[in-house]
Every structure is written in structure tokens, then in C-alpha cells.
Amino acid sequence: MTGNPRVLIDATAVPADRGGVGRYVDSLVAALDQDGARLTVVCQPRDLPLYRLLAPGSRVVPASPATSTRTARLTWEQATLPRLARRLAADVVHSPHYTMPLASGAASVVTLHDATFFTDAVLHSSVKARFFRAWTATALRRATLCVVPSQATATELSRVSPVRRAELEIIYHGVDTDRFHPPSPEEIAAARAAVGLGRAPYVAFLGALEPRKNVPALIRGYARAVAGQREAPALVLAGQPGWDTQVERALDAVPHRLRVIRAGYLPFGTLAGFLGGAELVAYPSLGEGFGLPVLEAMACGAAVLTTRRLSLPEVGGDAVAYCGVGAGDVAAALTELLDDSARRAFLAAAAQRRAKDFSWATTAEQHREAYAKAWYQHRRRR
């Protein structure tokens, strides 16, 4: 598909703390700008300096300060964004987080990050599940084109909705190798200092403490795996606090001689050292639309333990270790890996090699093809 349409990316849904969606949008914008896309980024006023830095060759426009709340942002998206797109002569509006303007005159591209709001709704709050189910169904019905980050997500969406799998553009995420790379000794030392570790070995987890991440099973599995060790590694849980009420119960059951650290949100500058400095990174998720934390850990040269749920094998391939989702499964896999330094070293090297197959430059190129396809389809329908 040829053509270079004028694309408006609505980045107003990106939260201040850059989780997976934020890293997707930020990295995609930077790669599209570098690739020469005709790009306009509309963002929260607080993000104006960031996007001007990330996309110096593109137009960056601040939205109303009122878009800082979800309700106000959704109102702005429906009432103001279509007018803004017309004023800026956008050919394509890319909405990168489920919701979209319903009355835009431009072609519409929507990114749907996962299908677990349908397939595993209990893993989300009821309000969140209803909201994203409704908007996913709307996007599948109304958008010119929908982007999904994995084959697994495409398969699940086609199973729970009338959309055909062929109608979804499957575009993998990339990894930011400036931020996620095998760390230097200084970066490892800084990460250890940030979480108060000293020189002790540790098992790392990075992600929000929400039910989908299966953190209680990780905590219980860790406690079983290291119960007999005289100098057991610590378990460090890094990431935003979530709504998983079982985390506290699992922590209460950990023997006092074992050390579990709740590190909270870590600055980006510490993540390479944190992930790459761990004995291994454990991510026993119950399901992911892509699995960016796994890929980022791989790029840092970490030995990674994850599950075979949904998209995770598409990311990890043969370069990570896998386990079941129960505490006993996690314990058995942790025991095996912690006792086998050669296996961990093999996985770390394989992970680095595989991570190189995922680049934001390729992601941007494929998004540009999707934009051109949506623009062409939109013009044919008019």
C-alpha cells in the first residue's frame, strides 16, 4: 500500500507514569518521526516538552488542560478532536488506546491492546472491564482499521466478536534499546541502591500489582522455592500498586527470614540495572496482549521466567523459561532456575539475541503501512 497520509496521533490517554501503553505511544511517535511520517501529536499539556523532544520533525499540539481526567478527556475526544483533525487536515486519526472519536471525517485507526476484558474479565475491575469491552466492540465495528499487538490477541478478538482475523492488523511492539539494554556495573549498583538491596541477589518482578499479573502466586512460589536456602535471594516487586487484594495476604504468609521488597514505581533510568542485575526476572502473568515487560527484560540480558498464556510465547520464543500459573508451578520453576546458573546464563544470552528481532523502527514502518491502508479504504468508501 503506497501513500504518505497526514496522521494525527491522539496521545491524550497516556498517563503521567509511563506504563506499557505509554511506552508504546512514546516509542511509536519517536520512530514514526524518525521515519519521516507526516505526523501531528496531540497530547496532554504536561507532555508537550516530551513529545517535542521525541518528535522534533513533527507538529505537537497541546489539548485542553481539562483532558487530565478520564471523563473530560472522553468528552473532548468526541466533541473537540474531530474539529481539531479537520483544522489540521489530518487524513488519518490514530487512537492508540481503545477509544476513538465517532464523528471524525478522517480515516480511523484504533489500537486494541488485548482481549482479556472479554476472555478473563475477572482479572479486571468490573467498571474497567465493562468500559473496555464496550469500546473494543465499538472500535471493531466503527474504525476503518484496528491494530493489535499479537497473533494471540487477534485470535481472541475474532473468537469473541464478529470481526474476522484478517481484518486486524497484527503489529508487534518494539523495545527501546536506549533504556533497556544489558546494564553496566554502575547501573546495577544504582538500581540496587534505589530499592535498598545492598549486595544481596534477588528475583525481580516489574509490573502493576493487579490480578492479571498473578503476583500472589509468585510470592507463594518464591517462598516455597527458597525455603531451604541459608542465604535466599530477595524478591523485589517493582511497579505501581494495583487492586489485587490477595497480594497482602500472600505477603503476610512469607516467613520473616525471607526478604520481599515492594519497591513501587521505579524511574526509567533504573530499569535496565534492575532487570539486568537480577538472578532472574519472574513474570507469571495470566495473560497479556503482548508482554512488553518480558521483552524489555530480555533486552536487558535477563533470564526470564514467564507463562505460555496468550501472547507471551510469541515474545519469548525459546529464549525464556516457562511455567504454569499456580504457586506450585512457579516454585518448581524458580527452584530449577535458581539452582542452575548455567541455564540462566544460556537464557540471558538467548534473550538478548531474540530481543533484537523486535524494533520500534519496524513497528513504525508497519504502522505507516496500516495508515496508508486505512486512508485508501476510507477514500474508497466515501
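Heavy atoms only: backbone and side chains are in, while hydrogens, waters and symmetry mates are out. In what follows, residues are counted from 1 in the order of the sequence shown.
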Are His113 and Tyr24 near enough that their ring centres are under 6.0 Å apart?
yes
Donor-acceptor pair between Asp26 and Tyr51 side chains, under 3.5 angstrom
yes
Is it true that the side chains of Gln366 and Tyr172 contain a donor and an acceptor less than 3.5 Å apart?
no
Tell me yes or no: between the side chains of Thr138 and Tyr98, is some donor less than 3.5 Å from an acceptor?
no
Between Asp176 and Ser27, is there a side-chain donor-acceptor contact under 3.5 Å, judged purely by atom types and distance?
no
Checking Glu77 against Thr99: is there a side-chain donor and acceptor pair closer than 3.5 Å?
yes
Show your reasoning for whether side chain to side chain contact (heavy atoms under 4.5 Å, CB included) applies to Arg344 and Glu279.
CA-CA 8 Å; Arg344 296 199 308 273; Glu279 296 296 294; 3.0 Å; yes
Testing Asp120, Asp244, Asp114 one by one against Arg212 for a salt bridge (charged side-chain N to carboxylate O under 4.0 Å, His left out), which residue passes?
Asp114
Between Gln44 and Thr67, is there a side-chain donor-acceptor contact under 3.5 Å, judged purely by atom types and distance?
yes
Check for me whether the distance between the ring centres of Tyr371 and His378 falls short of 6.0 Å.
no
Checking Val147, Thr153, Leu145, Leu140 against Leu168 for side-chain contact (heavy atoms from CB on, under 4.5 Å), the one that qualifies is Leu140
Determine, stepwise, if the pair Phe117 / Arg130 fulfils side chain to side chain contact (heavy atoms under 4.5 Å, CB included).
CA-CA 8 Å; Phe117 302 108; Arg130 286 195 301 270; over 6 Å; no
One should read off an interatomic distance between Leu81 CG and Met100 CE, to the nearest 0.5 angstrom, of 10.5 Å
Are the charged groups of Glu156 and Arg159 less than 4.0 angstrom apart, N to O?
yes
Is the closest basic N to carboxylate O distance between Glu369 and Lys373 below 4.0 Å?
no
Stepwise salt bridge (Lys or Arg N to Asp or Glu O under 4.0 Å) check, Arg23 with Glu296
CA-CA 11 Å; Arg23 296 205 290 281; Glu296 290 168 345; 2.7 Å; yes
Report, as yes or no, whether the 6.0 Å neighbourhood of atom CG on Asp252 holds more than 12 heavy atoms from other residues, nucleotides or ligands.
yes
Is the closest side-chain heavy-atom distance between Arg262 and Leu209 below 4.5 Å?
yes
First locate atom CG of Leu280, then atom OG of Ser341, and finally report the distance between them rounded to the nearest 0.5 Å.
12.0 Å
Let's go through Leu347 and Val320 carefully: what are the C-alpha distance in whole Å and the side-chain angles of both, what is the deciding distance for side chain to side chain contact (heavy atoms under 4.5 Å, CB included) to 0.1 Å, and is it a yes or a no?
CA-CA 6 Å; Leu347 289 173; Val320 303; 5.5 Å; no
Centroid-centroid distance, Phe274 to Tyr202, less than 6.0 Å
yes
Could you give me the CA-CA distance, side-chain angles and deciding distance for Phe205 and Val236, then say whether side chain to side chain contact (heavy atoms under 4.5 Å, CB included) is met?
CA-CA 6 Å; Phe205 168 85; Val236 184; over 6 Å; no
Could you give the distance from CG (Leu338) to CZ (Arg343), rounded to the nearest 0.5 Å?
13.0 Å
Verify the distance criterion only: is there a donor paired with an acceptor across the side chains of Ser68 and Arg46 at less than 3.5 Å?
no
Would the number of heavy atoms belonging to other residues, nucleotides or ligands and lying under 6.0 Å from CD of Gln229 be above 12?
yes
Does the side chain of Thr136 come within less than 4.5 Å of Leu157's, by heavy atoms?
yes
Does one side chain, of His367 or Glu169, offer a donor that lies under 3.5 Å from an acceptor on the other?
no
Do Leu312 and Ser285 have side chains that approach each other closer than 4.5 Å (heavy atoms only, starting at C-beta)?
yes
Residues His94 and Thr111: side-chain donor-acceptor under 3.5 angstrom:
yes
Is the Lys NZ or Arg CZ of Arg179 less than 6.0 Å from the centre of Phe268's six-membered ring, within 45° of the axis?
yes
Between Phe131 and Arg70, is there a cation-pi geometry (under 6.0 Å to ring centre, at most 45° from the normal)?
yes
Residues Glu288, Lys213: salt bridge by 4.0 Å N-O rule
yes
Please say whether the positively charged group of Arg379, taken as NZ for Lys or CZ for Arg, lies over the ring of Trp375, i.e. under 6.0 angstrom from the six-membered ring centre and within 45 degrees of the axis.
yes
When you check the gap from the basic side-chain N to the acidic O, do Arg73 and Asp10 get nearer than 4.0 Å?
yes
Determine yes or no for a side-chain-to-main-chain donor-acceptor pair under 3.5 angstrom, with Thr362 supplying the side chain and Phe358 the backbone.
no
